[in-house]
Amino acid sequence: MAAEQDPEGRAAARPLLTDLYQVTMALGYWRAGRASAPAEFELFFRQSPFGGAFALAAGLRDCVRFLRAFRLLDADVQFLASVLPPDTDPAFFEHLRALDCSGVTVPLLQVSGPLLVVQLLETPLLCLVSYASLIATNAARLRLIAGPEKRLLEMGLRRAQGPDGGLTASTYSYLGGFDGSSNVLAGQLRGVPVVGTLAHSFVTSFSGKEVPPDPMLAPAAGQGPRVDLTPRVEAWLERVCAHLGLGVQDPHPGERAAFVAYALAFPRAFQGLLDTYSVRRSGLPNFLAVALALGELGYRAVGVRLDSGDLLQQAQEIRALFRTTGAQFQAPWLESVPIAVSNNIDEEELARLSQQGSEVNVIGIGTSVVTCPRQPSLGCVYKLVSVGGQPRMKLTEDPEKQTLPGSKAAFRLLGSDGSPLLDLLQLAEEPAPQAGQELRVWPRGAQEACTVRPARVEPLLRLWVQQGQLCEPLPSLAESRAFAQRSLSQLSPAHRRLEPPAGYQVALSEKLRALVQRLSAGAPL
């Protein structure tokens, strides 16, 4: 097969490097009998980048290689089966197995060892640490803005800096506090929870004249006869439109057909995308008709999504209509249907959507998390501090670029309330600080020493690899995520505050400061 003849192509981008909703829509199309319908999409941009007048089209080689190698392996299909509903028809997965593109046209870290070897490690280690740390920090900022109650979903794969950047962003935004990602490959390879429903293309692909090959749906409890969902939806539409003061002809029939097709494919996970045509006059009544028809059979809709307009205001209005409609039709569950939003959400809009009284429950963020627009690079460096047991220090005209010499240990000093007071750097040969001990330290940038008496001391450096061997099992991504969130929660409010934050203090031991002073003055070791 092509995939076996070109392993480089499969390594560059795999079929599951996609958003989950592409797969859920595939199931929806297949369930609607439309999997082989001819279709044409256009790929384009609206404005030239960087405020310029041109763009260079690149990536053709990668695209062709990917298309020639495209094939879902058994492991891919098995993973998709694990994230789709357990009652999905097995024939759908056999369809996936047969797919190809033949019909398509077109110090954070200490490293010690032989000098030559550890020098060679500089760039790859910087590459591996810098972007992952930047993404995790950015995600943590967004989580702090949103607060603990909102669900945050990373949806930035299509905006990321290539496949590897997309996978890294999906992985480390989860570690930083997001609840899941649309990136299917991040789920398969890294264990990130994957989420996704449908896009506007799924809705607009239906005209309303389609007839599902099997419109029958069994009750959720599994008992009782199967019923034709479409007539029930139409009956509910009349009642809903009367309640909302709309004509039954107002809601778009194609949108309603798309919702019915999706509900047949995902009766236990039905979610409506409301803004393809008109939220108030089409998306909302069509969603309510399908949701209430499903409700008669014991199913509960899992949410709606908005992707344009004033998201906060629309969420308020939709929640109010959910309440009145739920009361009108004795469907109290309707009042608590989650409302999800997306559409170029940045820190400012996130703060607005997360304010007290907001009816938004789920927030999807793409560009602002994967591209880190406020700071596109973390600026990690990798510097020599010791050779042959002798400390080394970079002296430079720029004091900020001077390095701290010698092999060091790092400790976090915490107060009685459990929040960090400062981080202490000292020479590795010095005894570790103890809780309750009065310490004389030199805060970075200060001209005077200060004393501190920590209630608790935590060592920050941990030995993971020695002589090429793993010293202990690595934590899972979920464990690392929990640790990161726990560490964030221990920070004082002043340090968690984003604007303007209080500066976090790092201090040197007296012995380390003396070494810095001696080498800065050019004294011999």
Side-chain angles (χ1 to χ4, degrees), residues 28 32 197-198 200 202-212 215-217 219-220 226-311 313-341 359-362:
T197 52
L198 67 160
H200 295 100
F202 184 83
V203 177
T204 58
S205 76
F206 288 81
S207 67
K209 299 178 182 179
E210 296 82 7
V211 178
M216 309 302 285
L217 186 64
R226 299 170 77 229
V227 301
D228 190 336
L229 185 61
T230 301
R232 294 207 173 200
V233 170
E234 296 298 327
W236 270 110
L237 183 68
E238 293 187 13
R239 300 174 67 184
V240 167
C241 286
H243 172 64
L244 297 180
L246 299 172
V248 72
Q249 75 283 353
D250 289 336
H252 197 288
E255 180 181 57
R256 189 161 60 257
F259 286 0
V260 169
Y262 198 81
L264 288 169
F266 297 93
R268 299 182 189 277
F270 172 62
Q271 180 171 328
L273 177 58
L274 302 186
D275 65 337
T276 302
Y277 300 109
S278 167
V279 174
R280 181 68 172 78
R281 300 182 65 82
S282 184
L284 185 59
N286 278 331
F287 167 78
L288 289 170
V290 176
L292 289 165
L294 287 173
E296 284 188 317
L297 297 174
Y299 299 100
R300 296 291 180 262
V302 300
V304 296
R305 180 163 72 92
L306 299 165
D307 192 51
S308 60
D310 189 327
L311 303 174
Q313 180 180 341
Q314 289 184 96
Q316 302 290 111
E317 295 169 354
I318 289 169
R319 180 67 67 206
L321 289 172
F322 280 173
R323 292 189 178 108
T324 61
T325 306
Q328 174 71 21
F329 299 119
Q330 292 78 51
W333 52 268
L334 195 57
E335 299 181 13
S336 58
V337 169
I339 299 174
V341 298
E359 294 292 352
V360 172
N361 307 106
V362 184

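Quick note: numbers below take in every heavy atom, side chains included, and nothing from hydrogens, waters or symmetry partners. Bear in mind that the values here come from a model prediction, so they are computed numbers and not experimental data.
In this structure, R232 and L297 have side chains that are in contact, with non-hydrogen atoms separated by less than 4.5 Å. Within the 4.5 Å cutoff, the side chain of L288 has heavy atoms near those of the L244 side chain. Annotation: side chain of R256 is in contact with side chain of E234 (closest heavy-atom distance under 4.5 Å). Contact of the L217 side chain with the L294 side chain is registered, since non-hydrogen atoms from C-beta on lie closer than 4.5 Å. At a threshold of 4.5 Å between non-hydrogen side-chain atoms, the residues V337 and I318 do not count as touching. A heavy-atom distance below 4.5 Å is found between the side chains of F259 and V203.
In this structure, Q249 CD and L237 CG are separated by 10.0 Å, a value rounded to the nearest 0.5 Å. Rounding to the nearest 0.5 angstrom, the gap separating the CH2 atom in W333 from the CG atom in L292 is 5.0 Å. Once rounded to the nearest 0.5 Å, the distance linking CD of Q316 with CD of Q313 reads 9.0 Å. Atoms OG1 and CZ, on T197 and F202 in that order, are 10.5 Å from each other to the nearest 0.5 Å. Taken to the nearest 0.5 Å, the CZ atom of R305 stands 14.0 Å off from the CD1 atom of I339. Summarising the geometry, atom OG1 belonging to T325 is positioned 7.0 Å from atom CG belonging to L284; distances are rounded to the nearest 0.5 Å.
Side-chain contact check for S282 and E255: at least one donor-acceptor pair (N or O, by modelled atom type) lies under 3.5 Å.
Among all heavy-atom pairs drawn from L264 and M216, the shortest one is CD2-O, 4.2 Å. Closest approach of D228 to P215, counting heavy atoms only: OD1-CB, 3.4 Å. Across G326 and L334, no two heavy atoms sit closer than the pair N-CD2, 3.8 Å. Contact between L246 and P285 at its shortest, heavy atoms only, is CD1-CG, 3.8 Å. Pairing each heavy atom of F270 with each of A291, the nearest pair is CE2-N, 4.1 Å.
The closest donor-acceptor contact from the side chain of R319 to the backbone of E335 lies under 3.5 Å. Checking side-chain atoms of E210 against main-chain N and O of G208 turns up a donor-acceptor pair under 3.5 Å. In this structure a side-chain-to-backbone donor-acceptor pair under 3.5 Å is present from N286 to H252.
In this structure, F287 and F322 have tilted ring planes: the angle between them lies in the 30° to 60° band. Classification of the H243-F329 ring pair by plane angle, with boundaries at 30° and 60°, yields perpendicular.
The stretch residues 258-283 participates, sequence neighbours left out, in these salt bridge (charged side-chain N to carboxylate O under 4.0 Å, His left out) pairs: D250-R281.
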Before giving the answer on side chain to side chain contact (heavy atoms under 4.5 Å, CB included), spell out for V290 and W236 the whole-Å C-alpha distance, their side-chain angles and the decisive distance to 0.1 Å.
CA-CA 8 Å; V290 176; W236 270 110; over 6 Å; no
